[in-house]
Amino acid sequence: MIEARHLRVLRAVATTGSFSAAGRALGCTQPAVSQQMKALESSVGTPLLIRTGREMRLTQAGEALVRHAAGILAGLTAAEEEVAAIAGLRAGRVRLVSFPSGSSTLVPTALAALRAAHPGTRVFLEEAEPPNSVELLREGDCDIALAFRYETAVGAEDWSDLVVRPLLRDRLVALVPEKHRLARAESVALGELAGEPWIAGCPRCRGQLVEACERAGFTPRIDFATDDYPAVVGLVSAGLGVAVLPQLAIESVRPRGARTVTLEPAVRREIVALTLPDLAQVPAVAATLDQLARAARQK
């Protein structure tokens, strides 16, 4: 195993022509230089220097190693500087995957604060709903996954292998046309909407809706289903049905022609940021998690 410190000593000896001069250049003693050279020759298994009286010259192997040492040490220095920049948050990259309502609410605030504090850190954002986003994390295709799970969901996903950073509990609200009979109610029980046509969201949200309605004693008649929250709002505003949406989703759109009504009893989803245990130690990842938590506390 060739060590970088040994290469530095060899290059100093080759440049200065003696152990004592190399020691002065490196700030160490002549015996220390001699020991380093013996260790290097032992590592490579061949002599590197020929000592003739006061003169010292390189063997063919020594010449070859010195020739490569400059590039090796330059590359190592560059690598050390890049790692130091990443560790000091002067550089770095974070791949973030988020679900749409998180992308439009929590993520912008968090990333703006991160850029202001650490302008050298770059964040790449993609969108995916859980559990797909969580699988991207486990497969190494992202560094942080913004995800959610419903508190009352059957067979909740296991995140025990991941670092879980709780962000907030997002309450669901009913969304009804502004001329609906319940549009000005202070709150509504899910069962009061049993006979309505429904507009459902993403597959996971759709499953949660069906579970919640069945617990309330009915099966919802889903007339429309879309992953696009503005489309859900538009359909409700046109009087084509009712919906249940997370509060974060309502924040990201303007529900013109529709009104939100508090659901009782409350239905919530847990919003979290997930990462792998090793990634949690990476400074840029840790800083991004901190900013996501701060953005969530503002909600």
Side-chain angles (χ1 to χ4, degrees), residues 75-76 78-170 201-205 207-208 227 246-249 252 268-299:
L76 183 59
E80 289 172 344
E81 290 177 353
E82 184 174 348
V83 170
I86 293 170
L89 287 171
R90 299 190 305 277
R93 178 200 69 179
V94 179
R95 298 167 298 167
L96 172 64
V97 172
S98 174
F99 54 92
S101 59
S103 298
S104 60
T105 53
L106 298 177
V107 170
T109 302
L111 297 194
L114 182 70
R115 177 174 291 183
H118 308 291
T121 299
R122 299 182 64 193
V123 179
F124 299 88
L125 174 65
E126 294 185 17
E127 284 194 346
E129 296 275 359
N132 293 340
S133 57
V134 182
E135 286 309 306
L136 288 172
L137 175 64
R138 288 191 173 111
E139 291 169 6
D141 293 324
C142 70
D143 304 309
I144 298 173
L146 206 61
F148 63 85
R149 59 185 173 189
Y150 288 95
E151 295 177 344
T152 57
V154 176
E157 187 178 354
D158 181 19
W159 293 334
S160 59
D161 59 320
L162 303 173
V163 174
V164 181
R165 185 73 172 266
L167 299 180
L168 57 86
R169 296 171 73 200
D170 187 21
C202 70
R204 195 173 198 187
C205 298
Q208 166 61 22
D227 294 349
Q247 188 66 47
L248 277 185
S252 64
R268 296 182 178 89
R269 61 176 184 171
E270 179 188 14
I271 309 294
V272 300
L274 304 172
T275 191
L276 297 170
D278 289 342
L279 286 173
Q281 308 305 314
V282 176
V285 172
T288 305
L289 290 172
D290 288 343
Q291 294 298 348
L292 286 167
R294 289 191 182 98
R297 287 197 293 270
Q298 298 174 25
K299 296 299 179 184

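Applying the salt bridge (charged side-chain N to carboxylate O under 4.0 Å, His left out) definition to pairs two or more places apart or across chains, none involves residues 102-113. Within the structure, side-chain hydrogen bond (donor to acceptor under 3.5 Å, both in side chains) contacts touching residues 110-123 (residues at least two apart or in different chains) do not occur. Residue pairs that meet the ring-ring contact (aromatic ring centres under 6.0 Å, His included) test with at least one member in residues 81-106, sequence neighbours left out, are F99-F148.
Considering every non-hydrogen atom in both V97 and C142, the closest pair reads CG2-CB, 3.6 Å.
Applying the salt bridge (Lys or Arg N to Asp or Glu O under 4.0 Å) rule to R268 yields no partners; only residues at least two apart in sequence or on another chain are considered. Evaluation of the side-chain contact (heavy atoms from CB on, under 4.5 Å) rule for A112 yields no partner, not counting sequence neighbours. Under the side-chain contact (heavy atoms from CB on, under 4.5 Å) criterion, E80 pairs with R8, L76, not counting sequence neighbours. Looking at residues two or more places apart in sequence or on another chain, you find a side-chain hydrogen bond (donor to acceptor under 3.5 Å, both in side chains) between E270 and R149. Here D161 pairs with R138 under the salt bridge (Lys or Arg N to Asp or Glu O under 4.0 Å) rule; sequence neighbours left out. Partners of E139 by side-chain contact (heavy atoms from CB on, under 4.5 Å), not counting sequence neighbours, listed by chain and number: E135, D141. Residues that satisfy the side-chain contact (heavy atoms from CB on, under 4.5 Å) test with A293, not counting sequence neighbours, are R165, L167, R297.
Between the CG atom in L111 and the CG atom in L106 there is a gap of 10.5 Å [rounded to 0.5 Å]. To the nearest 0.5 Å, the span separating OG1 on T105 from NZ on K299 amounts to 5.0 Å. Taking CG from L146 and OG from S98, the interatomic distance works out to 4.0 Å, rounded to the nearest 0.5 Å. Remark: L114 CG to L292 CG distance equals 8.5 Å, nearest 0.5 Å. Here R169 contributes atom CZ and I271 contributes atom CD1; the two are 11.5 Å apart, rounded to the nearest 0.5 Å.
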List the atom pairs, with distances to 0.1 Å, where a side-chain N or O of residues 125-134 and a protein N or O form a donor-acceptor pair under 3.5 Å, not counting sequence neighbours.
residue, atom, partner, partner atom, Å
E127, OE2, S103, OG, 3.1

Hey, can you pull the donor-acceptor pairs under 3.5 Å for the side chains in residues 272-288, sequence neighbours left out?
residue, atom, partner, partner atom, Å
T275, OG1, D143, O, 2.6
T288, OG1, A284, O, 2.8

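A 4.5 Å side-chain heavy-atom check between I144 and L137 finds every atom pair outside the cut-off.
The existence of a salt bridge linking R204 and E157 is confirmed by a sub-4.0 Å separation between a basic side-chain nitrogen and an acidic carboxylate oxygen.
Distance alone, capped at 3.5 Å, places no donor-acceptor pair between the D170 side chain and the R269 backbone.
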